[in-house]
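Comments concern the structure below.
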Number of protein chains: 2
Amino acid sequence: MNEKNSQTIEVESSLVAPDTQMESFKQARHNRRSELVEDYVELIADLLADGGEARQVDIAQRLGVAQPTVAKMLKRLIAEGYIQQRPYRGVFLTSIGKELARVSRERHQIVEAFLCSIGVSVETARMDAEGIEHHVSPETLEALKKFTATVRA
Amino acid sequence: MNEKNSQTIEVESSLVAPDTQMESFKQARHNRRSELVEDYVELIADLLADGGEARQVDIAQRLGVAQPTVAKMLKRLIAEGYIQQRPYRGVFLTSIGKELARVSRERHQIVEAFLCSIGVSVETARMDAEGIEHHVSPETLEALKKFTATVRA
DNA sequence: TTGGATATATAGCCTTTGCTATGTTATTGT
DNA sequence: ACAATAACATAGCAAAGGCTATATATCCAA
Ligand SMILES: [Mn+2]
Ligand SMILES: [Mn+2]
Ligand SMILES: [Mn+2]
Ligand SMILES: [Mn+2]
């Protein structure tokens, strides 16, 4: 395991403790596994709010993926209880789907608004927020929200 | 495709243009595919700087994955020219590996320092930065760096 | 009311990223 | 010098997230 020298006298190290670092990596991997679900329900909520319908083809177009890719993911969302599907009428959010969409959209908007508030262009803010949002913890979200409010004032 | 009504008179919509949104999602997916490579070379650089060695077992422990998982990824890193492997002496960075490590570590540190600068605890900053870093564009990175410098001053 | 356009479903394939189990090889302490 | 230990390699599996090609079902306009 690379034990080498046990009596090193507190050498300067840019490395954090192995377990601590491991926790961060595990958290990042965990967040990655929720990304798609969050993006789907948020997008479905927006489509429903906008036009009253959330069809596979629309979802596919906005995500930039093929329709069968969406079909497969919708099955997962149904299995996990986030949406319901009505044949040839698109999909709809369940109550827990609505709740996840609300939380996701709120966090997304806070991240995007924050980026703009520190001088990032709206285009870049939009691009970066789409990925960053999924790795923002509640604590960080609070900090971002407070900061943005301060700047606006 | 959901054409519905063509003479809608500029209805208020929280939705951005489909192509614009698609670009953001595509960028996020693209960033996700570089995450692992970036984390590996950065970690390898830190291990080398710290103890002179970067062994599979150490990498596995710090990432929180199994050793064969690391072995497989190291093959990819070799194939892509980021590292070299010396039997039973661990791995070493090529020049392009060193360069990617430098850039990744720099960005990582800027993101983490920034989070601390807006009042996030060091533990949370470390956790969140591990995921956020991979979705921070050069433009956003500049903004974060400038902001942190301002606060410190 | 019916045929064409549109939407959805399904099959089969691929890559990535993870795992466990197990074999092999190099290093090292005695 | 050599056996024990540690490091590494490999096989085989699975799940997630993509794709294309193609079949089927519904809707709607003429
Ligand atoms: Mn989002
Ligand atoms: Mn997103
Ligand atoms: Mn990093
Ligand atoms: Mn990372």
Side-chain angles (χ1 to χ4, degrees), chain A residues 1-6 22 25-41 43-44 47 51-80 82-92 131 134, chain B residues 1-6 22 25-40 43-44 47 51-80 82-92 130-131 134:
Chain A
M1 173 55 81
N2 186 14
E3 208 48 64
K4 53 197 143 173
N5 198 355
S6 285
M22 189 186 74
F25 282 122
K26 284 197 162 171
Q27 181 66 50
R29 282 197 299 274
H30 176 268
N31 290 338
R32 263 189 347 218
R33 293 217 322 277
S34 336
E35 279 186 31
L36 266 185
V37 171
E38 291 165 2
D39 282 338
Y40 267 80
V41 297
L43 175 55
I44 289 166
L47 287 169
E53 281 189 338
R55 320 291 290 245
Q56 285 189 21
V57 280
D58 300 322
I59 297 169
Q61 189 198 9
R62 290 198 115 87
L63 290 175
V65 299
Q67 169 262 322
T69 300
V70 173
K72 201 190 289 186
M73 180 58 55
L74 292 185
K75 280 183 181 171
R76 174 177 163 196
L77 295 181
I78 291 167
E80 295 183 8
Y82 293 113
I83 64 171
Q84 285 180 342
Q85 202 163 17
R86 277 194 275 168
Y88 290 83
R89 330 232 83 170
V91 295
F92 299 87
H134 310 284
Chain B
M1 174 56 76
N2 184 14
E3 207 50 62
K4 57 198 145 174
N5 198 353
S6 286
M22 189 186 74
F25 283 123
K26 285 198 161 170
Q27 181 67 51
R29 283 198 299 273
H30 176 266
N31 290 339
R32 264 191 335 217
R33 295 216 341 270
S34 338
E35 278 186 29
L36 267 186
V37 171
E38 291 165 2
D39 282 339
Y40 266 79
L43 175 54
I44 289 166
L47 287 170
E53 282 188 338
R55 319 291 292 244
Q56 285 189 20
V57 279
D58 300 323
I59 298 170
Q61 188 198 10
R62 291 197 114 88
L63 289 176
V65 300
Q67 170 262 321
T69 300
V70 173
K72 202 187 288 185
M73 181 57 57
L74 293 185
K75 280 183 179 171
R76 174 177 162 195
L77 295 181
I78 291 167
E80 295 184 6
Y82 293 114
I83 64 170
Q84 284 178 342
Q85 202 163 15
R86 277 194 276 166
Y88 289 84
R89 326 234 82 159
V91 295
F92 299 87
E130 195 55 76
H134 310 283

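The sequence lines fix the lettering, A, B, ..., with proteins before strands; numbering per chain opens at 1.
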Between K72(B) and G90(A), which has a closest nucleotide on DNA chain C that is more 5'?
G90(A)
R55(A) CZ to dA25(D) C1', in whole Å, measures 13 Å
Specify the separation, in whole Å, of atom CG of N31(A) and atom P of dA16(D).
17 Å
Mind checking R86(A) for me? I need base, sugar-phosphate or nothing, with any heavy atom below 4.0 Å counting as a touch.
nothing
Quickly work out the H30(A) NE2 to dA16(D) C1' distance and round it to whole Å.
15 Å
Where the side chain of A71(B) is concerned, which of dG18(C), dA9(D), dT17(C) is the nearest nucleotide?
dA9(D)
Picking from dG17(D), dG18(C), dT10(D), the nucleotide nearest the side-chain atoms of T69(B) would be dG18(C)
Here the distance between atom C1' of dG17(D) and atom CD1 of I59(A), to the nearest Å, is 16 Å
Taking for each residue the nucleotide of DNA chain D with the nearest heavy atom, is it P68(A) or P87(B) whose nucleotide lies nearer the 5' end?
P87(B)
Can you list the steps and then say if Y40(A) with L63(A) is a side chain to side chain contact (heavy atoms under 4.5 Å, CB included)?
CA-CA 9 Å; Y40(A) 267 80; L63(A) 290 175; 3.3 Å; yes
Report the distance from atom CD of Q67(A) to atom C1' of dT20(D), rounded to the nearest whole Å.
11 Å
Under the side-chain contact (heavy atoms from CB on, under 4.5 Å) test, residues paired with Q85(A) that sit two or more places apart:
Q56(A), L74(A), I78(A), V91(A)
Report which part of the nucleic acid Q85(A) touches: base, sugar-phosphate, or nothing (heavy-atom distance under 4.0 Å, all strands).
sugar-phosphate
Contact summary for L47(B) and A54(B), nearest pair of heavy atoms:
CB-CB, 4.0 Å
Cation-pi check for F92(B) against R86(B): NZ or CZ below 6.0 Å from the six-membered ring centre and within 45 degrees of the axis, yes or no?
yes
Measure the distance from CZ on F25(B) to P on dG18(D) and round it to the nearest whole Å.
11 Å
To the nearest angstrom, the CD-C1' distance between Q56(B) and dA26(C) comes to 13 Å
Could you check how far NZ of K75(B) sits from P of dA9(D), rounded to whole Å?
7 Å
Comparing R33(B) with Y88(B), nearest DNA chain C nucleotide closer to 5' gives the residue R33(B)
Under 4.0 Å between a side-chain N or O of R76(A) and OP1 or OP2 of dG17(D)?
yes
Measure from the side-chain heavy atoms of V65(A) and tell me the nearest of dC19(C), dC19(D), dC27(D).
dC19(D)
Checking side chain to side chain donor-acceptor pair (under 3.5 Å) between H134(A) and each of E35(A), R33(A), R32(A), E38(A), which is the one that passes?
E38(A)
